[in-house]
Amino acid sequence: MNSPSPTSLLGLDFQELSKIAQEHSQPEYRARQLFHAIYPQRISSIDSISTLPIQFRASLRQRGLEIGEPGIEKKFESVDGTIRYLIRLNDGETVETVWMPEGDGGETGDGSDAAEHDWDRATICVSSQVGCAVNCQFCLTALLGIKRNLSAGEIIGQVTAVLNDRKVDLERQRVNIVFMGMGEPFLNYHNFMKAVRLLVEGVGFPESRMTVSTSGIIPGLERFAEEPVRPKLAISLNAPNDEVRAQVMPINRKWDLEKLMHAARQFPLHNRERITFEYVLLRGVNDAPEHARQVVELVRGIRCKINLIALNPGPGLAFQMPEQQRVEDFQRLLTSAGIPAFVRRPRGRDIYAACGQLKRTLG
Ligand code: SAH
Ligand code: SF4
C-alpha cells in the first residue's frame with residue numbers, strides 16, 4: 001500500500017510539530033501555535049496562521065509543507081438533511097464522509113441545505129480506509145476492494161473539512177463521530193488511534209462522543225481494550241451463529257463467534273458503558289425469531305445493546321430487505337429478554353449515504 005503524502009501538517013502530533021519548529025530554528029512555542037492553529041482553530045492554510053511570522057510560514061511552504069486538509073469534491077444532499085461528502089485526498093483517491101443532523105430543523109424535507117442552526121446535534125460518519133478488505137457480502141464498500149489505508153491526517157481531515165463546511169462551533173454545538181464509514185478501522189489501527197488522540201487533545205471532541213465499529217478483528221479488539229483513551233465500541237455481529245456469519249462475513253472463518261464473544265466478554269467497559277452490537281437484518285437469512293433467540297444466548301452476560309439495521313439495498317448485493325414485521329418481531333424478542341434493542345433509522349438512503357452504501361457513487 002502507498003504511504004500517504006509526507007507534506008501535510010494535519011495528523012502530526014505536538015512532538016512531531018516541535019521537531020519541525022526545531023528544524024526551522026524556531027522556539028518551542030511556535031509548535032504550540034501551529035498545533036493550536038491546525039486543531040482547535042481548524043485553520044486550513046499555513047498562510048492564514050497569522051500568529052506565525054511571515055518568514056516561518058514561507059519557509060514551511062518552501063519545504064513543501066501545507067496543512068493538507070483534504071478537499072470537498074462533491075456534496076450530495078438527502079431529503080432527510082443528511083449530506084454525503086465525496087472527499088478528495090492529496091494523491092487523487094477519494095473517500096466518503098457523511099453528515100447527519102438531528103433535531104427539529106435537521107430534516108428540511110425539501111432537500112434544501114440545512115441552515116447553520118437548524119439542528120440540535122449531529123453525527124459525522126468517518127472513513128478509515130479507501131475501500132475495505134473484509135468483504136462482507138451485504139456491503140457495497142466491499143465491492144471496491146482495499147485501495148489503501150488513510151493516514152491519521154486524512155481521518156482527521158474528513159472531520160475538519162465537514163466541520164468547516166457546516167461552520168460548526170464545537171463549544172456551542174454538539175457533534176458525535178462514528179468511525180463507521182468506508183473501511184475497517186482495526187485494520188488501520190495505528191493511524192485510526194492517532195487520529196482519535198488528536199481529535200480528543202486537539203480538535204476538542206471528548207472520546208465519549210466517538211464510537212468505532214469493527215467487523216471483529218480480534219487482535220485489534222485486544223489492543224483497543226488496553227487504550228487509556230478510546231471511543232465507545234460497536235461490533236458488527238450480523239448473525240446468530242457461525243454458519244450464517246461465515247456465509248455473510250467471510251472474516252468469521254478467521255475469527256469465529258467463540259473468539260469474538262470471548263473478546264467482547266473480556267472487554268473492560270467504563271461505568272455505565274455498553275458494547276453496541278450491530279445486526280444487519282437480511283431477508284430470510286438471519287431475521288427469523290429463532291435467530292433472535294440465538295442472539296439472546298450469544299450476548300448473555302455482556303453489558304450491551306443491539307442496533308438492528310434493515311439492509312440498505314444496493315446494486316450487486318445478493319440480499320433483500322427484511323419485512324417490516326420481521327424487524328419488529330426481532331426487536332420485541334430481544335427487548336423482552338432484557339436486551340435493549342433499537343432499530344437504526346436509515347439516513348440518506350436516497351443519496352447512497354446509509355450504512356454499507358458508501359462506494360464513491362457519483363450520482
Ligand atoms: N467496517 C466496520 C465499520 C463500517 S460499516 C464494520 O463493518 O463494523 C458500519 C455498519 O454498517 C456495520 O455494522 C455493517 O455491518 C453495516 N452495513 C454494511 N453494509 C450494510 C448494508 N448494506 N445495509 C445496512 N447496514 C450495512
Ligand atoms: Fe468492510 Fe465494514 Fe463493509 Fe464489512 S461492513 S466490508 S468490514 S466496511
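Both ligands and their constituent atoms are indexed starting at 1 by order of listing. Just so it is clear, the structure is predicted and the values come from calculations on it, not from any experiment.
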Q) Within the distance-only criterion (no hydrogens, no angle test), does the side chain of Gln247 pair as donor or acceptor with the backbone N or O of Glu243 below 3.5 angstrom? A) no
Q: Starting from atom 4 (Fe) of ligand 2, locate the nearest protein heavy atom and write down its residue, its atom name and how far away it is, to 0.1 Å.
A: Cys136 SG, 2.4 Å
**Q.** Taking every non-hydrogen atom, the tightest pair across Cys125 and Gly181
**A.** SG-N, 3.4 Å
Q) With Val178, which of Val212, Thr123, Val98, Ile124 fulfils side chain to side chain contact (heavy atoms under 4.5 Å, CB included)? A) Thr123
**Q.** Aromatic ring pairing Phe330/Tyr279, orientation class (parallel under 30°, perpendicular over 60°, tilted between)
**A.** tilted
Q.
Looking at Arg332 and Asp329, is there a salt bridge between them, counting it only when a charged N and a carboxylate O are closer than 4.0 Å?
A. yes
Q) Does Cys132 have a heavy atom less than 4.0 Å from any atom of ligand 1? A) no
Q. Can you tell me how far the CG atom of Leu257 sits from the CE atom of Met249, to the nearest 0.5 Å?
A. 9.5 Å
**Q.** Proximity of Leu311 to ligand 1 by residue part, where a heavy atom lies under 4.0 Å
**A.** both
Q: For atom 5 (S) of ligand 1, find the nearest protein heavy atom and state the residue, atom name and distance (0.1 Å precision).
A: Met180 O, 3.9 Å
Q: Run the numbers for me: atoms of ligand 2, each under 4.0 Å from some heavy atom of Cys132, listed by number.
A: 1 (Fe), 6 (S), 7 (S), 8 (S)
Q.
I need the atoms of ligand 1 closer than 4.0 Å to a non-hydrogen atom of Ile309, numbered in the order shown.
A. 24 (C), 25 (N)
Q) Which ligand 1 atoms, with their elements, are less than 4.0 angstrom from a heavy-atom of Gly181? A) 4 (C)
Q. Is the shortest distance from a Lys or Arg side-chain nitrogen in Asp80 or Arg347 to a carboxylate oxygen in the other one below 4.0 Å?
A. yes
Q | Interfacing atoms of ligand 1 (cut-off 4.0 Å, heavy-atom, Glu184) | A | 1 (N), 2 (C)
Q | ligand 2 atoms in contact with Ser215 (distance to a heavy atom under 4.0 Å) | A | 7 (S)
(Q) Below 30° counts as parallel, above 60° as perpendicular, anything between as tilted: where do the rings of Phe224 and Phe267 land? (A) parallel
Q: Write out the residue and atom name of the closest protein heavy atom to atom 7 (S) of ligand 2, then the distance separating them to 0.1 Å.
A: Val134 CB, 3.5 Å
Q: Rounded to the nearest 0.5 Å, what's the gap from NZ on Lys194 to CD on Glu16? Could you check?
A: 3.5 Å
Q: List the closest protein heavy-atom neighbour of atom 22 (N) of ligand 1: residue, atom name, distance to the nearest 0.1 Å.
A: Phe138 O, 2.7 Å
Q) How many angstroms lie between SG in Cys132 and CG in Leu358, if you round to the nearest 0.5 Å? A) 11.5 Å
Q.
Looking only at protein heavy atoms, which one is nearest to atom 6 (C) of ligand 1, and what is the separation?
A. Ser236 OG, 3.4 Å
Q) Atoms of ligand 1 less than 4.0 Å from Gly183 heavy atoms? A) 1 (N), 2 (C), 3 (C)
Q: May I ask you to say whether Glu297 pairs ionically with Arg293, meaning some side-chain N is under 4.0 Å from a carboxylate O?
A: no
Q. Counting heavy atoms only, which part of Asn312 comes closer than 4.0 Å to ligand 1: side chain, backbone, both or neither?
A. both
Q) With a cut-off of 4.0 Å, which atoms of ligand 1 are near a heavy atom of Glu278? A) 10 (C), 12 (C), 13 (O)
Q.
If I take atom CG from residue Leu163 and atom CD from residue Glu69, how far apart are they, to the nearest 0.5 angstrom?
A. 9.0 Å
Q | Mode of Asn135 contact toward ligand 2 - side chain, backbone, both, neither (heavy atoms, under 4.0 Å) | A | backbone
Q: Quick one: pull up CD1 in Ile43 and CG in Leu34 and give me the separation to the nearest 0.5 Å.
A: 10.0 Å
Q: Give the ring-plane orientation class for Phe192 versus Tyr189, where under 30° counts as parallel, over 60° as perpendicular and anything between as tilted.
A: perpendicular
Q. Could you state the interatomic distance from NE2 (His36) to CD (Gln41), rounded to the nearest 0.5 Å?
A. 4.0 Å
**Q.** Shortest protein contact, atom 19 (N) of ligand 1 (heavy atom only)
**A.** Gly356 CA, 3.1 Å
Q) At a 4.0 Å cut-off, with the gap strictly under it, does some heavy atom of Ala354 reach an atom of ligand 1? A) no
Q) Of all the non-hydrogen atoms in the protein, which one sits nearest to atom 2 (C) of ligand 1, and at what distance? A) Ser213 O, 3.4 Å
Q.
Tell me whether Gly183 reaches ligand 2 (any heavy atom closer than 4.0 angstrom to a ligand atom).
A. yes
Q. Which of the numbered atoms in ligand 2 are below 4.0 angstrom from a heavy atom of Ala142?
A. 6 (S)
Q | Taking atom 16 (C) of ligand 1 as the reference point, the nearest protein heavy atom with its distance | A | Val280 CG2, 3.8 Å
Q.
Students should be able to answer this: which protein heavy-atom is nearest to atom 21 (C) of ligand 1, and at what distance?
A. Cys355 O, 3.3 Å
(Q) For Asn238, which part has a heavy atom under 4.0 Å from ligand 1: side chain, backbone, both, or neither? (A) side chain
Q: Classify the contact between Cys139 and ligand 2 as side chain, backbone, both or neither, using a heavy-atom distance cut-off of under 4.0 Å.
A: side chain
